[in-house]
Amino acid sequence: MGETNSRSAASEEEKTAPVSRNFIEEMIDKDLAEGRYKEVCTRFPPEPNGYLHIGHAKSILLNYGIAKEYGGKFHLRFDDTNPTKEKNEFVESIERDVAWLGAKHDGPVLFASNYFDTMYEKAVLLIKKGLAYVSDLSADEIREYRGTLTEPGREDPSRNRSVEENLELFTEMKDGKFADGEKVLRAKIDMASSNINMRDPIIYRIAHLTHQNTGDKWCIYPMYDFAHPIEDAIEGVTHSLCTLEFEDHRPLYNWVVENTDWENPPRQIEFAKMYLNNVVTGKRYIKKLVQDGVVDGWDDPRLVSIAGLRRRGYTPESIKMFVELSGISKANSVSDPAMLEYCIREDLKMKRPRMMAVLHPLKLIIDNYPEGQTELLDADNNLENPELGKRQIPFERELYINEDDFMEKPVPKYKRLYPGNEVRLMHAYFVKCVGCDKDESGHVTAVHVTYDPETKAGTGFTGRKAKGTIHWVPAKEAFRATVRLYNPLIDPDKSVYNEDGSLNLNPNSVEIIDNAMLEPALKDAKAYDSFQFVRDGYYCVDCKDSKEGAPVFNRIVTLKSSFKLPKKQ
RNA sequence: UGGGCUAUCGCCAAAUGGUAAGGCAACGGACUCUGACUCCGUCAUUUGAAGGUUCGAAUCCUCCUAGCCCAGCCA
């Protein structure tokens with residue numbers, strides 16, 4: 001980018017959006033300015049042991065965004081150093097989710113397990129330098145020797161083995177001479193360190209298991225603290241971004257990198273995780289919800305898994321907007337889901353058609369409209385975005401409106417239909433309420449109105465104004481559909497967890513409406529298509545339960561509203 | 001009670017010693033063929049607390065307080 005060119009663009013931007021740089025960008029700026037690195041390389045390093053959620057999206061988008069911002073590289077690398085927990089199923093779902101979010105990785109998908117040879121060599125190097133040794137201690141003994149937070153640890157009896165003996169033992173470990181847990185390779189650092197991670201951490205353990213990538217080639221596997229810095233170094237990652245709980249590991253990260261001989265060692269920078277208020281992200285909790293059938297799988301629309309958000313109708317753009325709006329810092333924080341909802345409304349506002357759907361149908365009869373007559377009315381798909389075109393809606397004597405839009409005895413400030421009041425039927429005519437039909441129990445079964453032909457939409461009628469506008473669907477052509485209204489999974493009035501560790505579930509987290517009446521144009525909607533249902537909210541076609549010509553709609557989010565109807569008794 | 005980190009509006013978050021941005025939420029009002037959108041307005045005399053340095057402190061110093069993380073052969 002040319003200096004002169006970027007200049008005016010920059011000053012333009014400064015006027016409109018004076019965005020400040022986050023602390024990570026500041027550190028990178030400094031590294032670049034000081035010549036520590038020439039270009040930037042970041043990575044997203046998930047362990048393939050579960051599904052991704054909104055918190056991972058922050059990390060993905062942060063790493064990807066930084067790489068793009070600096071014209072650098074972004075890697076997708078599976079941190080598969082522990083075969084007891086990892087499955088191929090997860091590498092597939094993670095790849096899919098990362099791609100869906102729009103974070104395109106440079107180069108092929110990478111695996112830590114591809115570097116097992118190098119890691120082994122580096123471990124041997126450490127042994128040769130006298131910086132690692134094979135320990136005979138059991139897991140329990142190692143814990144005991146480690147000391148506590150306030151007391152220093154004690155030296156491992158194997159700590160001063162000769163280099164030759166260590167080399168021999170480590171080779172035997174690799175060759176499968178020992179059972180799981182029998183030996184372990186430890187880094188020789190400092191058993192008295194106030195940082196427990198530095199008290200001769202284990203860097204290799206024995207596990208006679210088939211690895212999802214390397215099969216039975218190895219029976220020893222490197223630990224995270226040893227493997228991760230080496231993975232970063234091999235790939236030329238410059239800035240290894242991770243979450244706050246790894247801050248204590250940074251000295252070890254640096255120790256590994258310094259002692260395993262790299263030209264351009266990477267640097268670890270930690271940032272705060274994203275939490276959402278009243279939302280569950282814990283794997284074991286979600287697993288239980290799935291097992292108990294509380295939710296419909298890991299992609300249930302009420303979950304904040306990436307798959308769940310996608311199925312619910314959230315877009316990658318909305319998630320990106322949310323992550324950007326939330327910012328990056330080192331302060332533990334809990335974001336408000338209202339911000340996520342704002343983002344999806346904002347993203348869909350101009351992009352999606354605004355359709356008419358009646359969730360709780362009530363018959364509306366236009367007494368002075370000729371029986372048997374139908375006219376096709378033109379309707380803009382999105383009044384604010386003409387590019388979305390128009391559609392035609394049949395209009396006739398009998399329609400459905402929403403139950404909420406009629407009150408025989410209106411509450412104060414009510415501006416919808418009530419006897420004597422005139423409203424506009426969206427895209428159609430003004431109608432005036434002349435009464436209603438009721439059954440024996442007094443329940444309203446139909447509303448009667450008369451229409452004024454002069455008030456047809458699009459004719460420029462300005463003779464008078466209607467207090468309100470309501471939406472409708474034609475009784476004959478509308479089709480019946482299932483619509484699901486989602487609410488928070490967690491009871492919003494309580495904390496997420498009960499004292500016994502169970503979740504405070506909201507018993508009404510989904511409301512299923514199976515007799516909604518939708519305008520005909522919605523009938524051919526395909527999975528993941530989304531719409532605004534006018535005066536209601538944004539909805540997305542469910543990818544699992546919809547059938548050809550019979551879409552099932554999930555509510556993504558409601559529209560905001562400053563008017564609340566009093567509760568019906 | 002060892003070490004590491006954090007603390008600025010209900011929620012997120014800027015401010016890098018020069019006199020507390022912005023967004024979300026909320027609340028008024030205008031507009032409206034969506035009670036939406038949009039627009040306009042309100043929303044921290046004060047930065048966890050107390051002292052100190054300075055002409056000047058959210059920023060520096062001292063002491064205190066609260067929260068998070070660490071004792072896996074998990075990542």
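Numbers restart at 1 for each chain; the letters A, B, ... are given by sequence-line order, proteins then strands. What's counted below: heavy atoms across the whole structure, side chains too, no hydrogens, waters or symmetry copies.
- Atom C1' of nucleotide U34(B) and atom NZ of K415(A) are separated by 10 Å, given to the nearest angstrom.
- OP1 or OP2 of A13(B) lies within a sub-4.0 Å distance of a side-chain N or O belonging to S329(A).
- For Q532(A) against U34(B), a side-chain N or O and a base N or O form a donor-acceptor pair under 3.5 Å.
- The shortest distance between the side-chain N/O atoms of K465(A) and the OP1/OP2 oxygens of U32(B) is below 4.0 Å.
- No salt bridge links E235(A) with R43(A); every basic N to acidic carboxylate O contact stays at or beyond 4.0 Å.
- Remark: L209(A) CG to Y221(A) OH distance equals 6.5 Å, nearest 0.5 Å.
- A donor-acceptor contact shorter than 3.5 Å links the side chain of N166(A) to the backbone of V134(A).
- One P atom belongs to U32(B), the other to U19(B), and the distance between them is 42 Å to the nearest Å.
- Look at the C1' atom in both C43(B) and U8(B): the space between them is 16 Å, to the nearest Å.
- In this entry the distance linking CG of N382(A) with P of U38(B) reads 13 Å, nearest Å.
- E519(A) has a carboxylate O that lies under 4.0 Å from a charged side-chain N of R391(A), or vice versa, which qualifies the two as a salt bridge.
- One atom, NZ of K58(A), and another, P of C12(B), lie 11 Å apart when rounded to the nearest Å.
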- What one-letter contact string describes nucleotides 66-75 of chain B from 5' to 3', where B marks a base within less than 4.0 Å of any protein heavy atom, S marks contact via sugar-phosphate atoms alone, and - marks no contact? --SBBBSBBB
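- Between the CZ atom of F531(A) and the P atom of U34(B) there is a distance of 21 Å, given to the nearest Å.
- As a whole-Å value, the separation of E519(A) CD from U34(B) P is 16 Å.
- Here I234(A) contributes atom CD1 and K122(A) contributes atom NZ; the two are 8.0 Å apart, rounded to the nearest 0.5 Å.
- Each of T150(A) and E384(A) lies near RNA chain B, and the nucleotide nearest T150(A) is the one positioned closer to the 5' end.
- Looking at residues 317-327 of chain A, you'll see L325(A), S326(A) sit with a heavy atom under 4.0 Å from some atom of RNA chain B.
- Between A15(B) and C27(B), the distance separating the two P atoms is 31 Å to the nearest Å.
- Of the candidates C37(B), G35(B), C12(B), the closest approach to any side-chain atom of S333(A) belongs to C12(B).
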For nucleotides 17-20 of chain B, tabulate all protein N/O to nucleotide N/O atom pairs closer than 3.5 Å, reporting atom names and distance.
none

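- Put simply, K560(A) has a side-chain N or O that comes within less than 4.0 Å of OP1 or OP2 on A26(B).
- In summary, the aromatic rings of F271(A) and F23(A) are positioned with their centroids too far apart to meet the 6.0 Å limit.
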- Task: Using a 3.5 Å limit on both pairing distances, list the dot-bracket string of RNA chain B from the 5' end; Watson-Crick and G-U wobble pairs count, crossing pairs take [ ], interstrand pairs take |.
- Result: .((((((..(((.....[...))).(((((.......))))).....(.(((..]....))).))))))).....
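- Nearest-nucleotide positions on RNA chain B place N22(A) closer to the 5' end than the other of P412(A) and N22(A).
- To the nearest whole angstrom, the two P atoms, one in U34(B) and one in A20(B), are 42 Å apart.
- D200(A) and Y133(A) share a side-chain donor-acceptor pair at under 3.5 Å.
- A salt bridge (Lys or Arg N to Asp or Glu O under 4.0 Å) check over residues 456-466 of chain A, counting only residues at least two apart or in different chains, returns the pairs E375(A)-K456(A), E422(A)-R464(A), D452(A)-R464(A).
- Taking the charged nitrogens against the carboxylate oxygens, E245(A) and K273(A) do have a contact shorter than 4.0 Å, which makes a salt bridge.
- Interatomic distance, CG of D347(A) versus OG of S318(A), reported as 5.5 Å (0.5 Å rounding).
- One finds the CZ atom of R143(A) at 13.5 Å from the OG1 atom of T148(A) (value rounded to the nearest 0.5 Å).
- Checking G35(B), A13(B), U34(B) against every side-chain atom of R416(A), the shortest atom distance belongs to G35(B).
- Atom CG in L348(A) sits about 14 Å away from atom P in C37(B), given to the nearest Å.
- OP1 or OP2 of G35(B) lies within a sub-4.0 Å distance of a side-chain N or O belonging to R535(A).
- As rounded to the nearest Å, A49(B) and U42(B) have C1' atoms that lie 30 Å from one another.
- For Y342(A), the side-chain atoms get nearest to G23(B) when compared with the rest of U38(B), G23(B), G35(B).
- For the 3.5 Å distance criterion, the side chains of N382(A) and E384(A) fail to qualify, holding no donor opposite an acceptor.
- At a cut-off of 3.5 Å, with distance as the only test, a side-chain donor of Y538(A) or Q532(A) sits close to an acceptor on the other residue.
- In this structure, the CD atom of E346(A) is 11 Å from the C1' atom of G23(B), given to the nearest Å.
- Separating the C1' atom of C12(B) from that of A44(B) is a span of 15 Å, rounded to the nearest Å.
- Heavy atoms of other residues, nucleotides or ligands lying less than 6.0 angstrom from NZ of K287(A) number 12 at most.
- Looking at heavy-atom distances under 4.0 Å, H427(A) makes contact with a base.
- Remark: the separation of the P atoms in A58(B) and G48(B) is 10 Å, to the nearest Å.
- More than 90° away from 0 lies the glycosidic angle of G51(B), which makes this nucleotide anti.
- Distance D380(A) CG to C37(B) C1': 15 Å, rounded to the nearest Å.
- For D79(A) (side chain) and P46(A) (main-chain N/O), no donor-acceptor pair under 3.5 Å exists by modelled atom type.
- Considering only residues two or more places apart in sequence or on other chains, F395(A) meets the ring-ring contact (aromatic ring centres under 6.0 Å, His included) condition with Y369(A), Y429(A), W472(A).
- Within 6.0 Å of NZ in K320(A) there are 12 or fewer heavy atoms belonging to other residues, nucleotides or ligands.
- Note on F226(A): nothing from the nucleic acid sits closer than 4.0 angstrom, heavy atoms only.
- Not one side-chain nitrogen or oxygen of T469(A) sits closer than 4.0 Å to the OP1 or OP2 atom of U32(B).
- Residue contacts shown for G50(A) are absent, as no nucleic acid heavy atom lies under 4.0 Å away.
- When heavy atoms are screened at a 4.0 angstrom cut-off, L425(A) is found touching no nucleic acid atom at all.
- Here the side chain of A338(A) is nearest to one of U34(B), C37(B), C24(B), namely C24(B).
- Comparing the C1' positions of G52(B) and U59(B) gives an interatomic distance of 15 Å, to the nearest angstrom.
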